[in-house]
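Chain naming here is simple, since letters A, B, ... match the order of the sequence lines and numbering starts at 1 in each.
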Protein chains: 2
Amino acid sequence: MVEFLCGLDAAVAVVGGKWKPLILWALSVEPRRTGELRRELSGVSEKVLTQQLRELERDGVVHREIHQQVPPKVVYRLTRKGAALDRALRPLGEWGEEHMDAIREVRA
Amino acid sequence: MVEFLCGLDAAVAVVGGKWKPLILWALSVEPRRTGELRRELSGVSEKVLTQQLRELERDGVVHREIHQQVPPKVVYRLTRKGAALDRALRPLGEWGEEHMDAIREVRA
DNA sequence: GGGTACACCCACCTGCAGGTAAGTACCGAA
DNA sequence: TTCGGTACTTACCTGCAGGTGGGTGTACCC
């Protein structure tokens, strides 16, 4: 790994994770706490959510903001790079929106 | 499955496969025969390549054109829908191009 | 006759992404 | 004093995407 054939390859390495696109989408609306994210993306396990958030943080698209208090409070927000990534994903989302029905139909 | 939370979800269902983005990229340059694709995407096994091509065909983004002759000749090309998908992937590719170095660096 | 190229198909196997369930440490409310 | 909420971590397990290696049929070249 760590060798990309093209830009698309690199981008996929960042957003390629079961919940990552949805996480980015959620955070693009507004910053959120861990629990809020968990409830929004119904179906994610706690482990996988934090895991994917850590990877997004490592890749520099998500910022983790720890409010030192009890009980703990952690807020996630998109970095500038993350916002750009989100914008780059928009056309893909629109394409999906447009052809969703046809795709769904073909898988029955 | 067959239930998408949003357009992005649907699009990912289509391009989410180890070689699919690269296949689309290759076919966007020009239509290709099976063997040409195999050589271009060095690393794909024959099985997985045809498998992913079949799925892309089923999803209506790739057209399979069989020239009835011996030895067999099969040409794959993007459909209009496929070309639109390719265009929708461009911004993502550019984002990747731009941040590729940073991403590579963070994974060492 | 042996080798190569074409575009497949099939049975089998492996690695790892993702899921499950439990534990940590703290506090406030019932 | 037990419960619920906060944000995690750890050990363990499972399913399946993807990879390996073989086989098919035809025709050309040496």
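As rounded to whole Å, 12 Å separates atom P of D/dT6 from atom NZ of A/K73. As a whole-Å value, the separation of B/I23 CD1 from D/dG18 P is 10 Å. Rounding to whole angstrom units, NE2 of residue A/H67 and P of D/dC8 are separated by 12 Å. The CZ-C1' distance, from A/R38 to D/dT6, rounds to 10 Å in whole Å. Taking atom CD on B/Q68 and atom P on C/dC6, their separation rounds to 18 Å, with Å as the unit. Remark: P of C/dC6 and CD of B/E36 are 9 Å apart, rounded to the nearest angstrom. Between the CD atom of A/E65 and the P atom of D/dA7 there is a distance of 13 Å, given to the nearest Å.
Environment of CH2 in B/W19: crowded, with over 12 heavy atoms of neighbouring residues, nucleotides or ligands closer than 6.0 Å.
Side-chain atoms of A/T50 come within 3.5 Å of backbone N or O of A/K47 as a donor-acceptor pair.
Under 4.0 angstrom from either OP1 or OP2 of C/dC6 there lies at least one side-chain N or O belonging to B/R39.
In this structure A/E36 satisfies the salt bridge (Lys or Arg N to Asp or Glu O under 4.0 Å) test with no other residue, sequence neighbours excluded. Scored by the ring-ring contact (aromatic ring centres under 6.0 Å, His included) test, A/H63 finds no partners at all (sequence neighbours excluded). The side-chain hydrogen bond (donor to acceptor under 3.5 Å, both in side chains) search around A/R32 returns A/E40, not counting sequence neighbours. Listed by chain and residue number, nothing satisfies the salt bridge (Lys or Arg N to Asp or Glu O under 4.0 Å) test with A/E97 (two or more places apart in sequence, or in another chain).
Nearest to the side chain of B/V70, among D/dT6, D/dT26, C/dC6, sits D/dT26.
Judged as a salt bridge (charged side-chain N to carboxylate O under 4.0 Å, His left out), the pairs with a partner in residues 83-95 of chain A (not counting sequence neighbours) are, in order, A/D86-A/R90.
Mapping B/R33 and A/P72 onto DNA chain C by nearest heavy atom places B/R33 at the nucleotide closer to the 5' end.
In this structure, B/R32 reaches neither bases nor backbone, as no heavy-atom distance under 4.0 Å exists between it and the strands shown.
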Once base and sugar-phosphate atoms are separated, protein heavy atoms under 4.0 Å mark nucleotides 8-24 of chain C, 5' to 3', with B, S and - as BSBB------BBB----
